[in-house]
Amino acid sequence: MLLIDLARTSAAVAADRARTAKIGHLAELLGRVGPDEAEIAIAYLSGELRQRQIGVGWRRLRDLPEPRQVATATLAQVDALLERIGSRSGPGSQAARRDLLNELFAAVTRQEQAFLKRLLTGELRQGAQGGVMVEAIAKAADVPAAEVRRALTLRGWLPAVGATALGGGVSALRAFHLEVGRPVAPMLAQSAPSVTAALEKIGGPAAIEWKLDGVRVQTHRRGDQVTVFTRALDDITSQVPEVVEAVAALPDTDLVLDGEVIALRPDGRPEPFQVTSGRVAGKIGVDALRKTVPLSVFFFDALRVGGADLLDLPDEERHAALEAAVPAEMVTPRLVTADADAGEEFFADALRRGHEGVVVKSPCTSYAAGRRGAGWVKVKPRHALDLVVLAAEWGGGRRQGRLSNLHLGALDPETGGFVMLGKTFKGLTDELLSWQTEQFLRLAEGPADDWVVMVKPELVVEIAFDGVQRSSRYPGGMALRFARVLRYRPDKRPDEADTVETVRALLP
DNA sequence: TTCCGACAGTGGGGTCGCAAT
DNA sequence: ATTGCGACCCCACTATCGGAA
């Protein structure tokens with residue numbers, strides 16, 4: 001199959017808004033692709049590469065050669081070239097990558113270049129990714145979508161699952177099973193503003209667990225072999241020896257556990273996320289790192305214990321298996337209750353101990369891997385401040401032509417000026433985007449720019465955020481975590497905005 | 001007919017490793 | 001030694017479609 005076939009299908013998918021139409025286009029193409037190229041076609045049309053990543057981003061895609069007039073590149077050829085690009089390393093590798101990229105882009109037409117560019121930057125923007133592709137695979141292979149989803153859960157890599165479905169149908173899909181050493185798509189949580197609201201959502205008694213502000217780890221053990229995966233299913237075994245040792249010390253030798261790894265201070269309180277994140281990301285000198293920043297692991301779920309798969313069991317049975325397999329100090333603290341007051345107190349206690357919040361879990365849901373089901377509901381405290389808009393950036397994609405990303409500042413009472421604390425684009429409705437674009441252009445000052453518009457600091461906006469963290473990027477040495485817009489405050493003048501002192505007091 | 005679950009899109013701050021400068 | 005880039009850790013929120021109720 002030719003790359004141009006994919007580029008055309010992608011364009012057709014983007015042109016139709018209805019998901020059924022998108023699925024139709026994708027399924028039609030999947031019906032034509034041969035078994036050798038099915039995996040590539042599924043990967044590219046759901047915005048992925050067969051190699052997952054090849055060290056090429058937006059910066060290396062500037063200054064590309066002129067396109068060809070005639071499309072002749074096959075999927076196999078493109079994939080082979082991307083493989084070569086991805087395998088380069090060491091001195092001179094960037095020049096080699098550039099040459100190979102030039103070779104690739106010189107061999108394809110303008111339409112294919114545009115498709116490849118979006119694919120390589122991870123911005124396919126055709127309104128269809130993995131979720132829609134699952135339906136398209138089901139349609140093309142004439143199998144129930146639930147069978148594809150189940151296999152995806154267990155295999156974790158849609159191109160492989162899709163190729164299997166197209167080649168062997170339901171019976172081939174059923175051959176996928178939980179395999180120790182191969183990661184499963186992790187279960188995700190919805191969110192609610194309070195424990196009471198979360199309990200209502202679940203309806204009835206629930207298990208409430210501390211939400212630790214660390215890194216999710218899925219840990220597999222077979223015999224002496226322990227493997228640790230992140231939420232995105234990357235292997236980080238060598239970076240977290242503490243987890244490997246803790247699981248290797250358990251009596252059970254056939255295990256899959258779900259949990260969180262976190263750096264704790266000597267007094268047991270959690271380090272800021274930055275500390276845990278840096279430690280987990282570190283690959284060089286891990287033995288030295290673990291002496292200064294030791295990691296602790298807390299498990300909250302068991303997918304396999306004693307060689308038995310537990311995915312389809314209800315939460316309370318999985319948790320009972322977890323408690324039997326793991327010592328209590330390695331199990332995330334948990335309270336089972338239907339009482340909202342007791343739940344709120346458990347939440348408050350978790351916060352007093354410095355943790356991020358809680359996750360409220362329905363005792364009867366199975367492990368819905370890879371889906372953000374209503375079985376898990378996270379609850380975190382929410383801070384809010386009134387800040388001043390200092391500038392705004394032009395949006396992209398569906399926000400093109402509107403000022404979208406806000407630069408936020410707190411009042412500095414010493415000078416009467418404002419100190420930038422970060423940016424946000426979240427929480428804005430289409431209506432608000434239009435309104436603020438008009439306002440910012442009216443308040444614009446300084447030279448016009450196609451990236452950012454500086455505005456007179458006159459608009460006050462109420463910003464919600466999860467916390468304040470230390471920053472080397474911003475002048476105040478602080479930045480907001482997960483900032484989002486709640487509403488504009490036309491009733492407030494900029495000199496009534498919250499001050500840098502107020503923000504500093506929120507630093508941990 | 002209305003409601004709501006699931007998806008995609010739109011980007012945020014921070015950190016590391018690596019290659020180039 | 002410093003800088004820029006890519007990858008990945010954490011992530012919130014809105015708009016939309018289409019099946020569920």
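In what follows, every chain begins at residue 1, and chains take the letters A, B, ... in the order their sequences are listed.
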Ranking A:Ala232 and A:Val485 by the position along DNA chain C of their nearest nucleotide, the one closer to 5' is A:Ala232
Quiz prompt | Any A:Arg399 side-chain nitrogen or oxygen under 4.0 Å from OP1 or OP2 of B:dT10 | solution = no
Q: Give a yes/no on whether any side-chain N or O of A:Arg473 is located under 4.0 angstrom from OP1 or OP2 of B:dG14.
A: yes
What I'd like to find out is whether the side chain of A:Ile236 reaches to under 4.5 Å of the side chain of A:Val280, using heavy atoms alone.
yes
So the side-chain hydrogen bond (donor to acceptor under 3.5 Å, both in side chains) pairs with at least one residue in residues 471-486 of chain A (sequence neighbours excluded) are A:Asp213-A:Arg481, A:Asp466-A:Arg484
Inset, instruction - Remember a base hit wins even if backbone is also touched, and classify A:Asp466 as base, sugar-phosphate or nothing at under 4.0 Å, heavy atoms. - result: nothing
Of A:Leu124 and A:Ala281, the one whose nearest nucleotide on DNA chain B sits closer to the 5' end is A:Leu124
Applying salt bridge (charged side-chain N to carboxylate O under 4.0 Å, His left out) to A:Arg125 and not counting sequence neighbours gives A:Glu123
The bend of the helix from B:dA8-C:dT14 to B:dT21-C:dA1, taken between the axes of its five terminal pairs at each end and rounded to 10°, is 20°
On DNA chain C, more 5' by nearest nucleotide between A:Lys380 and A:Thr20 is A:Lys380
> Would you say C:dC11 has OP1 or OP2 under 4.0 Å from some side-chain N or O of A:Arg231?
Replying inline: yes
With sequence neighbours left out, the residues meeting side chain to side chain contact (heavy atoms under 4.5 Å, CB included) with A:Leu486 are A:Arg382, A:Ala384, A:Glu462, A:Ala464
Review point. With respect to the phosphate group of B:dG12, does any side-chain polar atom (N or O) of A:Asn405 fall under 4.0 Å of OP1 or OP2?
Key: yes
Picking from B:dG14, C:dC11, C:dC17, the nucleotide nearest the side-chain atoms of A:Gln469 would be B:dG14
Checklist entry - Does a nitrogen or oxygen in the side chain of A:Ser277 sit under 4.0 Å from OP1 or OP2 of C:dC10? => result no
Any carboxylate oxygen within less than 4.0 angstrom of a Lys/Arg side-chain nitrogen, looking at A:Arg265 and A:Glu271? no
To the nearest angstrom, the CD-C1' distance between A:Gln436 and C:dC13 comes to 14 Å
Applied to residues 10-19 of chain A, the salt bridge (charged side-chain N to carboxylate O under 4.0 Å, His left out) test, sequence neighbours excluded, yields none
N/O donor to acceptor pairs below 3.5 angstrom from side-chain atoms of residues 128-143 of chain A, sequence neighbours left out:
from	atom 1	to	atom 2	distance (Å)
A:Glu135	OE2	A:Arg149	NH2	2.6

Notebook entry, point to check: OP1 or OP2 of B:dC18 sitting under 4.0 Å from any side-chain N/O of A:Lys283?
Noted result: no
Sorted by chain and number, sequence neighbours left out, side chain to side chain donor-acceptor pair (under 3.5 Å) with A:Lys211 holds for A:Glu356
Short heteroatom pairs, N/O only, protein and nucleotides 19-21 of chain B, under 3.5 Å:
from	atom 1	to	atom 2	distance (Å)
B:dA19	OP1	A:Gly90	N	2.3
B:dA20	OP1	A:Gly92	N	3.2
B:dA20	OP1	A:Gln94	N	3.3
B:dA20	OP2	A:Gly92	N	3.0

The residue, A:Gly127 or A:Ser471, whose nearest nucleotide of DNA chain B is more 5′ is A:Gly127
Hydrogens and angles aside, do A:Thr437 and A:Arg402 bring a side-chain donor and acceptor to less than 3.5 Å of each other?
no
- Item | Contact under 4.0 Å: A:Arg481 side-chain N or O vs B:dG14 OP1/OP2 | no
Q. If you look at every strand shown and take non-hydrogen atoms under 4.0 Å, does A:Asp213 touch a base, only sugar-phosphate, or nothing?
A. nothing
| message | Once you apply a heavy-atom cut-off of 4.0 Å, does A:Thr424 come out as touching a base, just sugar-phosphate, or nothing? | response | nothing
Reckon A:Thr276 touches a base, only the sugar-phosphate, or nothing at all at heavy-atom distances under 4.0 Å?
-> nothing
Would one find a side-chain N or O of A:Gln274 under 4.0 angstrom from OP1 or OP2 of C:dC10?
-> no
Does the plane of the ring in A:His383 sit parallel, tilted or perpendicular to the ring in A:Phe465? Use 30° and 60° as the thresholds. parallel
Side chain to side chain donor-acceptor pair (under 3.5 Å) filter on A:Glu438, not counting sequence neighbours, yields none
Here the salt bridge (charged side-chain N to carboxylate O under 4.0 Å, His left out) pairs for residues 41-61 of chain A, sequence neighbours left out, are A:Arg50-A:Asp79, A:Arg50-A:Glu83, A:Arg52-A:Asp234
Residues of residues 49-65 of chain A with a heavy atom under 4.0 Å from any atom of DNA chain C, listed by number, are A:Gln53, A:Ile54, A:Gly55, A:Val56, A:Gly57, A:Trp58, A:Arg59, A:Arg60
Is any side-chain nitrogen or oxygen of A:Lys426 closer than 4.0 Å to OP1 or OP2 of B:dG9?
no
Enumerate donor-acceptor pairs with a distance under 3.5 Å from any side-chain N or O in residues 500-508 of chain A to protein atoms, sequence neighbours excluded.
from	atom 1	to	atom 2	distance (Å)
A:Thr502	OG1	A:Thr499	OG1	3.1

